[in-house]
S.K.: 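Shown below is the structure under consideration.
No experiment lies behind these values; they were computed from the predicted model shown.
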Protein chains: 2
Amino acid sequence: MASHGARGRSGGRPTLEEVAARAGVGRGTVSRVINGSPRVSDATRAAVEAAVAELGYVPNTAARALAANRTDAIALVVPEPETRFFAEPYFSDMLRGVGAALSDTEMQLLLIFAGSDRERQRLAQYLAAHRVDGVLLVSVHADDPLPDMLSQLEIPAVISGPRSAAETLTSVDSDNYGGARQAVEHLVGRGRRTIAHITGRLDVYGAQRRIDGYRDALRDAGHEADDLLIEPGDFSEEGGRRAMAALLERRPDLDAVFAASDVTAAGARQALREAGRRIPDDVALVGYDDSAIARHMDPPLTSVRQPIQEMGRAMIDLLLAEVADRRPPASRGLERRQMVLATELVGRASS
Amino acid sequence: MASHGARGRSGGRPTLEEVAARAGVGRGTVSRVINGSPRVSDATRAAVEAAVAELGYVPNTAARALAANRTDAIALVVPEPETRFFAEPYFSDMLRGVGAALSDTEMQLLLIFAGSDRERQRLAQYLAAHRVDGVLLVSVHADDPLPDMLSQLEIPAVISGPRSAAETLTSVDSDNYGGARQAVEHLVGRGRRTIAHITGRLDVYGAQRRIDGYRDALRDAGHEADDLLIEPGDFSEEGGRRAMAALLERRPDLDAVFAASDVTAAGARQALREAGRRIPDDVALVGYDDSAIARHMDPPLTSVRQPIQEMGRAMIDLLLAEVADRRPPASRGLERRQMVLATELVGRASS
DNA sequence: AGGTACCGTGGGAGCGCTCCCACAGGTGAT
DNA sequence: ATCACCTGTGGGAGCGCTCCCACGGTACCT
């Protein structure tokens, strides 16, 4: 029978066929039991399960993937350099949420960085080979071609932080606009008059929405909006430091700052210190994300909490639904799903 | 021909067979070209490559895995909770080194956390299914059953930081003993007399070796070793803070501290500050790892550099060799490979 | 001329699954 | 008794590759 000869049969892992023989049933029946089909009698199921246990049978993933044309894996694609991934708690929180949501599943999670051109090249190859059933995309910039590539390949994908209001992919996001409003309203409520804003990367839609929220909240509070109070940052600590320094130079009379992320706020704090401003006595500071940084800052940072882990969960739910749905290859786009989760202001000593 | 009917042929991705037809050659020949076999004439190779390009052929991983009985994937297993992974630069540096070494390869890297029992359960299942060709194991504790499980399953594995001097798995490590000596000799050279040591987790072999190096260097310098100067830590910041506080209480006369990691040193620094000790005027501080933390600390931290990224590279090299070797299932253990890389002291303002 | 050696090549068999068709046996309506 | 229709089951065919054997051709010996 054996033709490949030296490929080490005998000692190898048991196959479906062997389990079937052991249980005295057919191959198909074992497959049904393994995959939890309801169309199996209780007695047969028990017999098969016993055989599986005795033989220590574990399904061969490659064979399953080949036959069923699915991989049981999804990728979390981070279009940023690894350093950024480790520096910003946003990503690790997201990873945790996603991981938790997936732990009830057979799905495997792959973490893929696509910061450099080289890495993107690899990723394109990877996706073309359909090595994952679906993709989670976090932190995408406005002009990123990745989402379109995914659409073209017809790979289910969910994006966290849509690229624009007209995002075509299924997306999950927190209410950036509302969160920014909460921050500003909080500062106004504390009697602050001159409230500056250090933005995030301007090519990120969420950062734009935060600017909108900041502007509208100021206007509604009857404060005159002054673009000299807005300074672009890039979500990094160094960017926050630089922006804060610029703002202090331009508007030394400011008495509050709303930073687009906690990391940015950390940089701003540093610049404020160097300029001799006390927090919150001279300048109140509010961040965004409510990450570990906010809790450990000195003084502890008031911050807008986005439910990042919940967002991760939601992304998984939506993605798995799309993967399971996978029937109508054309009926997409009709009911685009955009999910927005509420934010919450967490007050601390910095404001 | 088609029997599965609705499984969407036609529009699908091209197969080897189709490429072969297009190039006017046999299936085997295309396979040889794809896999870079030298036994193909230049003309044939060119024809096949053209066909591959025209059709946009991408090999089906699942089919390959099934036929060749390999997965082209390896796992980086972190037997720690995710939080630890993100908090300690050691892991991210290692990941970077491993990733870089792998980027020249077709191999895919999977990052797997096995901190909780639940996760370990999953991992066991995962390994039993042979879903990776090899495993990289970082930060393993003395009594961890994981390495033995790997041996039993005959899965090639490389461990960073052997469990003991008698480690049976192939291992890569830095010279913990020598590194500790360097740190102590440096402090002695600076005229410090009473040098304390905050250890790492005592169930980690490398931490033990650092204690040995510390002890021997002190002895060789003619300083009396005093176990009251040794306080156990756990590589964490909080552990460092606690240990430092205990040491200050016990030996208020100490004038130098060698901490088993930079993160630990950061904790120690905090405790020293709180106790009103100046660094380095009152107490000199030396860390271990030379991570980003060391450079950014105030004052910048003298630290023992382990070439972590190089270690990652080395681990990959050794692992890939084992995976490729895969012939003698019994001849293991004869020439156990233990690789040790040199450390280097990086002097900064803290000492 | 015949023999031996070694290319480069084609294609059969098989990897371990899933999918689906066929079929036996039971049930209830006609 | 006949038909229709369920449910549970067995097993063929096929997923797209790799491995290997066999074969024709050329090159170099005797």
Side-chain angles (χ1 to χ4, degrees), chain A residues 1-10 12-48 52 55 57-72 106 129-131 326, chain B residues 1-10 12-48 52 55 57-72 106 129-131 326:
Chain A
M1 277 283 130
S3 89
H4 280 248
R7 242 205 243 161
R9 289 287 61 241
S10 74
R13 300 155 49 204
T15 70
L16 249 203
E17 195 90 47
E18 288 164 28
V19 174
R22 175 82 170 216
V25 300
R27 199 172 7 83
T29 302
V30 177
S31 177
R32 255 163 255 142
V33 171
I34 299 290
N35 293 290
S37 158
R39 324 199 131 293
V40 180
S41 72
D42 289 346
T44 309
R45 163 168 289 115
V48 170
V52 166
L55 263 40
Y57 170 76
V58 181
N60 180 316
T61 333
R64 176 178 290 180
L66 178 59
N69 195 33
R70 60 189 165 80
T71 63
D72 290 327
E106 290 292 81
H130 283 265
R131 293 182 63 169
R326 209 112 197 62
Chain B
M1 278 284 131
S3 88
H4 281 248
R7 243 207 243 162
R9 290 286 61 241
S10 76
R13 300 156 49 205
T15 69
L16 248 205
E17 195 91 45
E18 288 163 29
V19 174
R22 175 81 169 219
V25 301
R27 194 168 16 79
T29 301
V30 177
S31 177
R32 255 162 255 143
V33 172
I34 300 290
N35 293 290
S37 158
R39 327 199 128 293
V40 181
S41 72
D42 289 347
T44 309
R45 163 167 289 115
V48 171
V52 165
L55 263 40
Y57 170 76
V58 181
N60 180 317
T61 332
R64 175 178 289 178
L66 179 59
N69 196 32
R70 59 190 165 81
T71 63
D72 290 324
E106 290 291 81
H130 283 264
R131 293 183 61 170
R326 210 116 195 60

S.K.: For the pair made of CG in D42(B) and C1' in dT9(C), what is the distance, rounded to whole Å?
M.R.: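 Whole-Å distance recorded here is 15 Å.
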S.K.: Atom CG of D72(B) to atom C1' of dC17(D): distance rounded to whole Å?
M.R.: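 After rounding, the gap between these two atoms is 12 Å.
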S.K.: Below 3.5 Å is the cut-off: list the nitrogen or oxygen pairs between protein and nucleotides 23-25 of chain C, distance only.
M.R.:
none

S.K.: Quickly work out the L66(B) CG to dT18(C) P distance and round it to whole Å.
M.R.: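 In whole Å, dT18(C) P lies 12 Å from L66(B) CG.
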S.K.: So, for T71(A) and R131(B), which heavy atoms are closest and what is the spacing to 0.1 Å?
M.R.: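 Closest pair (atom of T71(A), atom of R131(B), distance): O-NH2, 4.4 Å.
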S.K.: Could you walk me through whether N69(B) and R64(B) pass the side chain to side chain contact (heavy atoms under 4.5 Å, CB included) test, one step at a time?
M.R.: CA-CA 8 Å; N69(B) 196 32; R64(B) 175 178 289 178; over 6 Å; no
S.K.: Step by step, work out the side chain to side chain contact (heavy atoms under 4.5 Å, CB included) result for R27(B) and V30(B).
M.R.: CA-CA 5 Å; R27(B) 194 168 16 79; V30(B) 177; 5.9 Å; no
S.K.: Would you mind reading off the distance between R70(A) atom CZ and dT18(C) atom P, rounded to a whole angstrom?
M.R.: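 Distance check: R70(A) CZ to dT18(C) P gives 7 Å.
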S.K.: Is any side-chain nitrogen or oxygen of N60(A) closer than 4.0 Å to OP1 or OP2 of dC15(C)?
M.R.: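 So the side-chain polar atoms of N60(A) never come under 4.0 Å of the phosphate oxygens OP1 or OP2 of dC15(C).
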S.K.: Which heavy atom of V48(B) sits nearest to which heavy atom of A23(B), and what is that distance?
M.R.: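 Nearest heavy atoms, V48(B) then A23(B): CA-CB, 4.0 Å.
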S.K.: Measuring to OP1 and OP2 of dT18(C), would you say a side-chain N or O of N35(A) lies under 4.0 angstrom away?
M.R.: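 For dT18(C), OP1 or OP2 has a side-chain N or O of N35(A) closer than 4.0 Å.
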S.K.: Using atom names, set out every protein N or O paired with an N or O of nucleotides 7-10 of chain D below 3.5 Å, distance rounded to 0.1 Å.
M.R.:
{"from": "dT9(D)", "atom 1": "OP1", "to": "S41(A)", "atom 2": "OG", "distance (Å)": "2.9"}
{"from": "dT9(D)", "atom 1": "OP1", "to": "T44(A)", "atom 2": "OG1", "distance (Å)": "2.1"}
{"from": "dT9(D)", "atom 1": "OP2", "to": "S41(A)", "atom 2": "N", "distance (Å)": "2.9"}
{"from": "dG10(D)", "atom 1": "OP1", "to": "G26(A)", "atom 2": "N", "distance (Å)": "3.4"}
{"from": "dG10(D)", "atom 1": "OP2", "to": "G26(A)", "atom 2": "N", "distance (Å)": "2.7"}
{"from": "dG10(D)", "atom 1": "OP2", "to": "T29(A)", "atom 2": "OG1", "distance (Å)": "2.6"}
{"from": "dG10(D)", "atom 1": "N7", "to": "R32(A)", "atom 2": "NH2", "distance (Å)": "3.4"}
{"from": "dG10(D)", "atom 1": "O6", "to": "R32(A)", "atom 2": "NH2", "distance (Å)": "3.2"}

S.K.: To the side chain of A63(B), which of dC19(C), dG16(D), dG16(C) is closest?
M.R.: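 The answer is dG16(D), which lies nearest to the side chain.
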S.K.: Does N60(A) reach the main-chain N or O of A62(A) with its side chain, forming a donor-acceptor pair under 3.5 Å?
M.R.: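 Indeed, once roles are kept as given, a pair shorter than 3.5 Å links the two residues.
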S.K.: Sequence neighbours excluded, which residues qualify as salt bridge (charged side-chain N to carboxylate O under 4.0 Å, His left out) partners of R32(A)?
M.R.: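 Once residues adjacent in sequence are excluded, R32(A) has no partner under the salt bridge (charged side-chain N to carboxylate O under 4.0 Å, His left out) criterion.
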S.K.: Can you give me the closest heavy-atom contact between Y57(B) and I34(B), atom names plus distance?
M.R.: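 Closest approach of Y57(B) to I34(B): CE2-CD1, 3.8 Å.
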S.K.: Kindly determine whether D72(B) and R70(B) satisfy side chain to side chain contact (heavy atoms under 4.5 Å, CB included), including the steps that lead there.
M.R.: CA-CA 6 Å; D72(B) 290 324; R70(B) 59 190 165 81; 2.8 Å; yes
S.K.: In whole Å, I'd like the distance from the CZ atom of R64(B) to the P atom of dG16(C).
M.R.: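 Atom-to-atom, R64(B) to dG16(C), this comes out as 18 Å.
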S.K.: Rounding to an integer number of Å, can you tell me how far E17(B) CD sits from dA13(C) C1'?
M.R.: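 Distance check: E17(B) CD to dA13(C) C1' gives 14 Å.
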S.K.: Looking at the side chain of L16(B), which of dT18(C), dC15(D), dC17(D) is the nearest nucleotide?
M.R.: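 So the nucleotide nearest the side chain must be dC17(D).
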S.K.: Separation of E18(A) atom CD from dG16(C) atom P, in whole Å?
M.R.: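 Rounded to whole Å, this separation is 8 Å.
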S.K.: Look at S31(B) and dT18(D) and indicate whether a side-chain polar atom (N or O) is within less than 4.0 Å of OP1 or OP2.
M.R.: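 Yes, S31(B) has a side-chain N/O under 4.0 Å of OP1/OP2 on dT18(D).
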S.K.: So, for P14(B) and L55(B), which heavy atoms are closest and what is the spacing to 0.1 Å?
M.R.: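 Reported closest heavy-atom pair: CG-O, 3.4 Å.
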